[in-house]
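Order of the sequence lines sets the chain letters (A, B, ...), proteins ahead of strands, with each chain counted from 1.
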Amino acid sequence: NAGVTQTPKFQVLKTGQSMTLQCAQDMNHNSMYWYRQDPGMGLRLIYYSASEGTTDKGEVPNGYNVSRLNKREFSLRLESAAPSQTSVYFCASSRDRGLSPLHFGNGTRLTVT
Amino acid sequence: GQQLNQSPQSMFIQEGEDVSMNCTSSSIFNTWLWYKQEPGEGPVLLIALYKAGELTSNGRLTAQFGITRKDSFLNISASIPSDVGIYFCAGPTSSGTDKLIFGTGTRLQVFP
C-alpha cells in the first residue's frame, strides 16, 4: 500500500513561475488536506477537502488554489510563486471529516528564488 | 487566533533517559493529538486523547490530557535512538473539527 503519494519530492522555482503539486491516496479516504511546514511554526493548513467535490480554506490559503480532481487526488497550485512560499508542503488524507487520524505523504520541498 | 506552544523547542538526551514535553494553549481543547515526524517523512499519529484527565499509553509513550483542557503532556520512557524526530501536538480549531491546528514542535535528538 502506497498510502499518500506526493510529487515532486523537490522543486526549485523562480519568482513568478507557476506549478502544481500533486497528491494521491489509495486508502479510499474522503477527506484530504494540504499543509505547509516552516521552521519554528509547525504545520499550517492551506486548504482542505472534506469530500469529493468540495474544498475549503485553511489558515494560510493566500497565493494557492486547489482542485479535488476525484476521490483519490487533491492538487495544490501556485499561480505565481513568491519567495515566501518556500516551504515543505505536506498532503494528508483521513477517512472522514473530524478527527479521523491524518495520514501524511512524505512532503514536497519547494524553494522559490 | 488559537495557538499551541510546545516546550522545550529541542532536547538532546542520552539513550535510556526519560523525556517529558508539553503543549499549552490559551484556549480550551476537547481533543489532543500527538504526532511524530521522522526526518524526511510526514508526521504519524502516536496518541489521541479525548477526555480531560485522560492518561493513555502507546508502548514507551504516555500522554496526558490536562485537567484545565489547555495543556497536554507527552512522556517517553527509556529513550532509544529511533525516538529521534519532531513531536507535534495538535487539536481541532474552534471553527470545527475539520481543521487541525499543530503546535510548533519539540525536536528530540538521542545520543547512544
The reported gap from OG in A:Ser94 to CG in A:Leu102 (rounded to nearest 0.5 angstrom) is 5.5 Å

Heavy atoms under 4.5 Å from chain A: which residues of residues 36-48 of chain B carry them? B:Gln37, B:Gly40, B:Glu41, B:Gly42, B:Pro43, B:Leu45

Counting heavy-atom pairs under 4.5 angstrom with chain B, the leader among A:Asp38, A:Asn106, A:Asp56, A:Val4 is A:Asn106

Taking A:Ile46 as the starting point, is it possible to reach B:Phe102 by hopping between hydrophobic residues whose side chains are less than 4.5 Å apart? no

Quick check: are there more than 12 heavy atoms from other residues, nucleotides or ligands sitting under 6.0 Å from CZ of A:Arg44? yes

Under 4.5 Å from a heavy atom of chain B, the part of A:Gln6 involved: neither

If you round to the nearest 0.5 Å, how far is OH of A:Tyr47 from CZ of A:Arg77? 13.5 Å

Other residues, nucleotides and ligands only: do more than 12 of their heavy atoms fall within 6.0 Å of CD on B:Gln9? no

Roughly how far apart are A:Glu52 CD and A:Met32 CE, rounded to 0.5 Å? 11.0 Å

Using every non-hydrogen atom in the two residues, find where A:His29 and A:Ser93 come nearest and quote the distance to one decimal. ND1-OG, 2.7 Å

